[in-house]
Amino acid sequence: MTNAGPKTRRTAFRTLCRCINGALGQPLAPQELPASPAEWEKVLRLSSAHLVTPQLRWALQEQGKDLLSAIPADVVDYIDAIYTLNLEKTGRVKEQLAQFIQALNCLGIRPLLLKGAAVIVGGLYPTDGERMVTDIDVLIPPSSLPEILEKLASIGYQEMDNTGGLVKIRTAEALSHHHYPPLFNPDWPVTVELHVQPVSLRYGHLLTTEELFLAATPFSWPGADFYLPAPEHMIVHNIIHTFLVDTRDQMRNMSLRQSFEFVLASRTYADRIDWDAIRERFDTIGHGIPLRQYLALANHCFNFPWPKAITADPNQEARIWPYLVRQNLENNLARWTVNFLREASIRLRRLYN
């Protein structure tokens, strides 16, 4: 659906989505690639903003030598360099993760990995270089937070304040959200977020700490024991975090990295995902429309096959139109105007409710 037909204006967003589809087994034709250096620059800037340049490289590599020969040499060099740097960084992140988990294991605590940490360790991508990781998210038993903070302070972690500065880790009372403020150790590449709830409190009834731990799979590295979430919970967490929180509530453009990961995980773990249960989970609590919006956007961007268990919203094209307009805008003033109008409409609707 996303992939622009002959009457659809080419934008960097549409072109990037079409190219990344190559990593999902969909063939690309040379005419679907950016047509000029200026268009390549726009697409690469957007892929960088969405943290999907490694997925773009993966997609183009999947097409074989014939297509690669149609890509400018400097573009190939650039995406190869990004992949190599990310592969090195992810290796360091895994070392950091191992040390971090070992510190928690010393306290008798086995954490549950979320988001990027979970998919890297779980092997969702062909190699560690295809997924950019910007932080480590782990779910812990809430009662364990005070001793975990004390342990992490002893091995060099500090709290990151709102300005990006580092301060001494405070007590557990500093927790005012579903996760503690980011923690950073100068010896390691990324921050750590300690979650006591998997999602923001507003959506806590959709996915709980207890059910995640109950269905999780035990996993071990040498000297490090932890849990990985069940695939169905990984999918539900992705929907809540990517669309309900970031896109709808915080008015951000939908993350192509997270949407692509949703489609990839849905395909990889297809036999372990109960779409009936996911539909019931969202419909029962009044989030059926956002669920269908996210599925429609994934279908539009990455040809996500619509689950048979979920009836499509007859108004879904109209419901996802504002999000697609915003994604395709290449003028900052126009993007700001759309965001402002959308935010105003949401606030008025909440006031009315």
Side-chain angles (χ1 to χ4, degrees), residues 1-64 67-68 70-83 85-86 116 124-126 129-132 134 238 242-243 246-247 252-267 294-304 320-332 334-335 338-339:
M1 288 175 65
T2 23
N3 308 327
K7 295 183 180 180
T8 304
R9 182 175 66 90
R10 280 173 69 108
T11 64
F13 173 74
R14 292 191 179 100
T15 303
L16 178 59
C17 287
R18 182 66 192 101
C19 288
I20 294 178
N21 271 322
L24 298 169
Q26 300 176 39
L28 292 172
Q31 60 268 28
E32 293 174 301
L33 297 175
S36 66
E39 194 172 350
W40 269 113
E41 182 177 353
K42 288 182 179 180
V43 168
L44 292 176
R45 284 183 183 276
L46 190 61
S47 74
S48 177
H50 281 269
L51 303 178
V52 293
T53 304
Q55 286 94 324
L56 175 61
R57 175 188 178 275
W58 174 20
L60 297 176
Q61 292 279 347
E62 286 290 305
Q63 304 304 307
L67 189 80
L68 285 175
I71 301 173
D74 57 342
V75 172
V76 175
D77 290 343
Y78 173 77
I79 60 176
D80 281 347
I82 295 296
Y83 170 83
L85 290 171
N86 190 54
L124 181 62
Y125 292 84
E130 268 83 30
R131 210 306 188 158
M132 286 187 165
T134 54
N238 180 292
T242 304
F243 191 65
D246 283 357
T247 304
R252 299 174 185 166
N253 279 348
M254 185 184 71
S255 165
L256 288 182
R257 178 183 62 166
Q258 295 295 342
S259 180
F260 173 87
E261 193 160 282
F262 166 79
V263 176
L264 180 62
S266 298
R267 186 181 71 171
Y294 188 52
L295 298 185
L297 287 166
N299 175 272
H300 188 93
C301 294
F302 300 116
N303 292 327
F304 170 70
I320 67 172
W321 179 80
Y323 299 101
L324 293 174
V325 167
R326 198 168 67 198
Q327 293 277 23
N328 281 291
L329 287 175
E330 297 180 348
N331 179 282
N332 289 332
R335 187 181 297 114
V338 169
N339 284 345

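Any value given below was found using the heavy atoms of this structure, including those in side chains, with hydrogens, waters and symmetry copies removed.
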Side chain proximity check, [X] to [Y], heavy atoms < 4.5 angstrom:
{"X": "Tyr78", "Y": "Thr53", "value": "yes"}
{"X": "Tyr294", "Y": "Ser259", "value": "yes"}
{"X": "Phe13", "Y": "Cys17", "value": "yes"}
{"X": "Gln258", "Y": "Phe243", "value": "no"}
{"X": "Met132", "Y": "Ile82", "value": "yes"}
{"X": "Cys19", "Y": "Val43", "value": "no"}
{"X": "Met254", "Y": "Cys301", "value": "yes"}
{"X": "Leu60", "Y": "Val75", "value": "no"}

Item to complete: Report yes if the distance between the aromatic ring centroids of Phe302 and Phe262 is under 6.0 Å, otherwise no.
Response: no
Inter-residue atom distance [X].[atom1] - [Y].[atom2], 0.5 Å rounding:
{"X": "Glu32", "Y": "Arg10", "atom1": "CD", "atom2": "CZ", "value": "8.5 Å"}
{"X": "Ile71", "Y": "Asp77", "atom1": "CD1", "atom2": "CG", "value": "11.5 Å"}
{"X": "Leu256", "Y": "Leu46", "atom1": "CG", "atom2": "CG", "value": "6.5 Å"}
{"X": "Gln327", "Y": "Ile320", "atom1": "CD", "atom2": "CD1", "value": "11.0 Å"}

Between [X] and [Y], which heavy-atom pair has the shortest distance, and what is it?
{"X": "Glu130", "Y": "Arg57", "answer": "OE2-NH1, 4.1 Å"}
{"X": "Thr242", "Y": "Thr247", "answer": "O-OG1, 2.8 Å"}
{"X": "Gly22", "Y": "Glu62", "answer": "O-CB, 3.7 Å"}
{"X": "Ile20", "Y": "Val52", "answer": "CD1-CG2, 3.6 Å"}
{"X": "Ala70", "Y": "Leu33", "answer": "CB-CD1, 4.4 Å"}

Worksheet item: Could you walk me through whether Val76 and Gln61 pass the side chain to side chain contact (heavy atoms under 4.5 Å, CB included) check?
Response: CA-CA 10 Å; Val76 175; Gln61 292 279 347; 5.6 Å; no
Discussion item. Gln55 vs Tyr125, test: side chain to side chain contact (heavy atoms under 4.5 Å, CB included). Steps then yes/no.
Written reply: CA-CA 9 Å; Gln55 286 94 324; Tyr125 292 84; 3.9 Å; yes
Looking at [X] and [Y], would you say the former's side chain and the latter's main chain have a donor-acceptor pair under 3.5 Å?
{"X": "Thr15", "Y": "Thr11", "answer": "yes"}
{"X": "His50", "Y": "Ser255", "answer": "no"}
{"X": "Asn86", "Y": "Gly129", "answer": "yes"}
{"X": "Arg326", "Y": "Arg252", "answer": "yes"}
{"X": "Asn299", "Y": "Leu295", "answer": "no"}
{"X": "Ser47", "Y": "Leu44", "answer": "yes"}
{"X": "Gln63", "Y": "Leu28", "answer": "yes"}

Item to complete: Indicate yes or no: does Arg45 engage Glu41 in a salt bridge with an N to O separation below 4.0 Å.
Response: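 Looking at Arg45 and Glu41, the cut-off is met.
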Worksheet item: Just checking, is any N or O donor in the side chain of Tyr323 or Asn253 under 3.5 Å from an acceptor N or O on the other one?
Response: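 There is no such pair between these side chains.
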Fill in: Exercise: do Asn303 and Gln26 side chains pair donor with acceptor under 3.5 Å
yes
Item to complete: Name the orientation class of the two ring planes belonging to Phe260 and Trp58 (parallel below 30°, tilted from 30 to 60°, perpendicular beyond 60°).
Response: perpendicular
